[in-house]
Amino acid sequence: MKKISYNLIIVALLSIFGCNKKENNNQPQKEKMENIQVSDYGVTAKGDSIKKFTLTNKNGMKVEVINFGGIITSLTAPDKNGKYEDIVLGFTKPEDYFNGNPYYFGALIGRYGNRIANAKFTLEGKIYDIDKNDGPNSLHGGKEGFHTKFWNIEPVKDAKFPTLKLTYISEDGEEGYLGKLSTTVLYTLIDDNALEISYEAETDKPTVVNLTQHSYFNLSGNFSKTILDHELQINADKFTPVNETLIPTGEQKAVKGSPFDFTVSKAIGKDINAEDDQLKKGKGYDHNWILNGSGLRSIAKVYHPESGRMMEVLTDEPGVQFYSGNFLDGKFDTKTGGKNEFRTGFCLETQHFPDSPNQPSFPSTELKPGQKYQSKTIYKFSVKK
């Protein structure tokens with residue numbers, strides 16, 4: 001009886017002085033999870049429930065991600081008056097994401113971002129036919145690419161900043177691609193108002209991989225306005241010209257003296273209507289720039305004078321596709337009223353080059369068993385008054 005009484009006294013003292021180990025260990029975890037909220041988003045035509053994950057940093061910046069396509073449906077950033085507004089284009093109805101997402105708004109792109117000529121390539125002496133969904137070519141992984149897939153999403157509980165871990169397994173033969181590809185993407189919202197995106201992938205057979213994120217930005221916060229007044233700088237001395245179907249010709253052309261020279265910041269609209277064969281083929285800018293330098297570095301800056309918003313892009317990729325929203329056609333409502341009209345959003349898709357599997361002079365996108373595909377891109381937001 002003396003032993004039992006002694007144990008009861010110890011337990012009581014621990015409770016009084018707040019030394020309950022289980023309670024203390026749970027508390028920090030709860031605090032971190034307050035920066036990630038999970039809610040219902042919608043239901044697909046097949047009856048699948050979609051979840052939305054909202055990340056919030058200490059400044060009040062928010063990023064919303066759904067588990068369909070790993071899509072970023074909203075991203076806020078402050079203007080020069082400290083007002084946070086959504087600055088990424090998207091649909092007003094969930095079903096528009098589920099029913100094709102023709103513009104690839106906010107989606108994770110794979111297995112291969114950008115175009116592959118004639119929807120085929122040769123790997124280790126064998127020809128592979130992949131999905132033809134862009135005229136004669138394959139675009140962004142095919143009609144049923146990663147932008148149409150259900151991603152498993154889990155909040156990372158021990159992360160320093162709000163972080164989501166997205167995983168998807170692409171089976172051998174999906175959309176014609178060889179090998180079972182296991183992909184992991186991390187979305188991290190850092191307290192300096194930066195969204196960091198980290199990609200990893202592994203395969204059990206030789207394949208090609210080129211992952212990217214396809215958000216459209218309009219730093220004005222008004223999606224009815226064009227992006228032609230945005231001032232853009234790209235740290236690239238060359239770009240890859242394209243043919244009539246937007247496939248690179250193989251040439252690596254200097255931007256100096258052309259409308260493609262963004263080495264010094266200028267308005268997107270300054271030269272977009274110039275008499276230039278490449279601009280005619282792309283209906284504006286829809287080209288890959290060959291980035292200067294290597295490793296994780298600053299590769300582009302975009303400034304919107306009216307709002308004061310600045311976006312800086314950092315990446316370890318060799319290229320970036322600058323797309324000026326030339327195929328937006330006003331068929332869908334915007335989140336701020338009006339329609340998603342011609343050139344009301346722009347993309348800066350960090351990547352390896354288009355059609356690399358068919359262009360030996362381009363950086364290789366081949367991934368073999370035992371290797372790990374790794375890439376990182378950061379979109380950082382600030383204010384310039």
Side-chain angles (χ1 to χ4, degrees), residues 69-70 100 104 107-151 166-185 199-214 239-252 281 286-288 290-291 294 315-321 349-375:
Y104 301 91
L108 287 175
I109 302 298
R111 290 188 187 189
Y112 199 95
N114 220 306
R115 295 172 175 87
I116 294 181
N118 300 312
K120 64 176 59 181
F121 60 90
T122 301
L123 187 62
E124 297 190 338
K126 185 177 179 181
I127 297 175
Y128 291 91
D129 292 303
I130 53 179
D131 186 52
K132 188 181 293 185
N133 66 324
D134 183 51
N137 307 316
S138 182
L139 174 65
H140 294 330
K143 184 179 179 181
E144 301 295 327
F146 285 8
H147 64 290
T148 69
K149 304 302 181 182
F150 290 91
W151 290 72
L166 296 81
T167 54
Y168 174 69
I169 296 177
S170 176
E171 296 295 341
D172 185 12
E174 185 175 283
E175 296 299 276
Y177 288 92
L178 182 68
K180 180 178 180 180
L181 189 76
S182 301
T183 304
T184 299
V185 178
Y199 307 85
E200 287 189 359
E202 294 180 292
T203 183
D204 63 353
K205 296 178 183 177
T207 191
V208 294
V209 184
N210 191 26
L211 306 179
T212 192
Q213 220 290 334
H214 208 293
F239 78 107
T240 51
V242 296
N243 64 19
E244 290 74 13
T245 65
L246 301 181
I247 293 294
T249 62
E251 182 184 4
Q252 300 185 24
K281 287 175 178 174
D286 191 6
H287 297 74
N288 169 66
I290 301 172
L291 298 172
S294 60
T315 191
D316 54 12
E317 288 283 355
V320 65
Q321 185 86 1
E349 305 156 59
T350 56
Q351 58 175 13
H352 274 54
F353 302 172
D355 200 37
S356 286
N358 295 313
Q359 308 252 7
S361 65
F362 287 180
S364 175
T365 54
E366 184 177 350
L367 183 68
K368 296 180 179 181
Q371 297 177 335
K372 181 177 286 189
Y373 172 99
Q374 291 181 304
S375 178

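Keep in mind that this is a model prediction, so the values were computed, not measured.
- The backbone N or O of T350 lies less than 3.5 Å from a partner atom in the side chain of T212, making a donor-acceptor pair.
- The closest side-chain heavy-atom distance from E366 to E124 is below 4.5 Å.
- With values rounded to the nearest 0.5 angstrom, E144 atom CD is found 5.5 Å from K149 atom NZ.
- With contacts defined as side-chain heavy-atom distances shorter than 4.5 Å, the pair P369/D204 does not qualify.
- With a 6.0 Å radius and a threshold of 12 heavy atoms from other residues, nucleotides or ligands, K281 has its NZ atom above the threshold.
- Contact check for I290 versus F353: side-chain heavy atoms found under the 4.5 Å cut-off.
- Smallest separation of non-hydrogen atoms from S182 and I169: OG-CG1, 4.1 Å.
- Here H214 and H147 keep their ring centres 6.0 angstrom or further from each other.
- Put simply, the side chain of Y373 gets close to the backbone of L211: a donor and an acceptor are under 3.5 Å apart.
- Between Y168 and W151, the angle of the ring planes lies from 30° to 60°, which puts this pair in the tilted group.
- Between D316 and S375 the shortest heavy-atom distance is OD1-OG, 3.4 Å.
- Side-chain N or O atoms of T207 include none that pairs as donor or acceptor with a backbone N or O of L367 at under 3.5 Å.
- Here the options are N114, T365, N210, T315, the test is side-chain hydrogen bond (donor to acceptor under 3.5 Å, both in side chains), and the partner is Q351; only N114 passes.
- From D286, atom CG reaches atom CD of E349 across 7.5 Å, with rounding to the nearest 0.5 Å.
- Residues K120 and D129 form a side-chain contact, since some pair of their non-hydrogen atoms from C-beta on lies under 4.5 Å apart.
- Inter-residue side-chain proximity for H352 and E317 is flagged as met; some heavy-atom pair is nearer than 4.5 Å.
- Here T167 contributes atom OG1 and E200 contributes atom CD; the two are 12.0 Å apart, rounded to the nearest 0.5 Å.
- With Q359 contributing its side chain and P248 its backbone, the two residues share a donor-acceptor pair below 3.5 Å.
- Note: L181 CG to F146 CZ = 5.0 Å, rounded to the nearest 0.5 Å.
- Side chain of R111 to backbone of L178: a donor-acceptor contact under 3.5 angstrom is found.
- Of all heavy-atom pairs spanning G179 and D172, the tightest one is N-OD1, 2.8 Å.
- Taking 4.5 Å as the limit, some side-chain heavy atom of Y112 sits within range of a side-chain heavy atom of P357.
- Smallest separation of non-hydrogen atoms from N133 and Y104: ND2-OH, 3.6 Å.
- Judged by distance alone, the side chain of D131 and the main-chain N or O of E175 form no donor-acceptor pair under 3.5 Å.
- Tested against I247, the residues N137, N358, D134 include a single side-chain contact (heavy atoms from CB on, under 4.5 Å) partner, N137.
- From T245, atom OG1 reaches atom CG of N118 across 7.5 Å, with rounding to the nearest 0.5 Å.
- Expressed to the nearest 0.5 Å, how far CD1 of I109 lies from OH of Y199 amounts to 9.0 Å.
- Counting heavy atoms from C-beta on, the side chains of L108 and Q213 come closer than 4.5 Å.
- Between S356 and P363, the closest heavy-atom pair is OG-O, 3.4 Å.
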